[in-house]
Amino acid sequence: MVRGEQLSCPKCGGNLKRYDNVQRIVRTKGRSTERICIRRLRCIACGAVHRELPNFIYPYKQYEAEIIRGVLEGLITPDTLGYEDFPCEMTMMRWKAQKSHPL
Ligand SMILES: [Zn+2]
């Protein structure tokens, strides 16, 4: 995951080129969902594909963005204290499935 206008590879520092776009659904605390478009960038040096987390998520959606990142990085599980009921386990499984099988 890379942020904003960061255009160097977090792995090797190589240059990133635009690769494609993927849609992610963000479930907000109000039980509504939002579709967001995330750019994927490919490193021209090592070939790694990184998702760019849009900056706009942070000012307004920090809570959700932090949770999504925590789940994807394995920091938050259904057993994590404080996150027992948000998001639900099925949502976490779906995020992880999407991570291992990119659209
Ligand atoms: Zn790289």
Side-chain angles (χ1 to χ4, degrees):
M1 194 75 81
V2 295
R3 293 275 310 272
E5 296 307 307
Q6 179 184 349
L7 289 175
S8 60
C9 176
K11 280 186 182 174
C12 73
N15 289 325
L16 298 178
K17 291 271 187 202
R18 238 167 254 150
Y19 182 56
D20 64 4
N21 296 302
V22 293
Q23 276 202 340
R24 284 289 177 273
I25 295 175
V26 176
R27 185 179 294 274
T28 67
K29 276 179 284 188
R31 297 268 168 207
S32 56
T33 58
E34 273 183 45
R35 284 172 191 276
I36 60 174
C37 196
I38 295 179
R39 277 198 302 170
R40 292 202 301 178
L41 306 167
R42 189 182 193 121
C43 174
I44 60 176
C46 73
V49 175
H50 303 285
R51 276 160 299 166
E52 178 187 65
L53 188 64
N55 282 333
F56 71 80
I57 282 187
Y58 274 82
Y60 306 109
K61 301 285 182 203
Q62 182 160 9
Y63 185 62
E64 288 80 6
E66 289 295 319
I67 289 177
I68 292 173
R69 192 169 63 196
V71 169
L72 293 183
E73 291 178 358
L75 302 175
I76 297 174
T77 72
D79 297 323
T80 303
L81 212 61
Y83 293 98
E84 293 96 336
D85 55 6
F86 182 88
C88 74
E89 188 168 1
M90 284 304 296
T91 303
M92 289 188 182
M93 300 291 281
R94 197 161 61 238
W95 288 342
K96 290 188 174 181
Q98 285 175 349
K99 185 191 180 190
S100 48
H101 304 287
L103 294 174

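Please read these numbers as outputs of a predicted model, since none were measured by experiment. For the numbers below, each heavy atom of this structure counts, side chains included, while hydrogens, waters and symmetry mates do not.
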Would Arg40 pass as a cation-pi partner of Tyr19, given that its NZ or CZ must be under 6.0 Å from the six-membered ring centre and within 45 degrees of the axis? no
Using a 4.5 Å cut-off on heavy atoms from C-beta on, say whether the side chain of Lys11 contacts that of Cys43. no
Here the gap from Lys17 atom NZ to Cys9 atom SG, rounded to the nearest 0.5 Å, amounts to 14.0 Å
Paired with Leu16, the side-chain contact (heavy atoms from CB on, under 4.5 Å) test is passed by just one of His50, Arg39, Arg42, namely His50
Taking all atoms of both residues into account, what is the closest heavy-atom pair of Cys12 and Ala45, and its distance? SG-CB, 3.9 Å
Once rounded to the nearest 0.5 Å, what's the spacing between atom CG of Asn15 and atom CG of Leu41? 11.5 Å
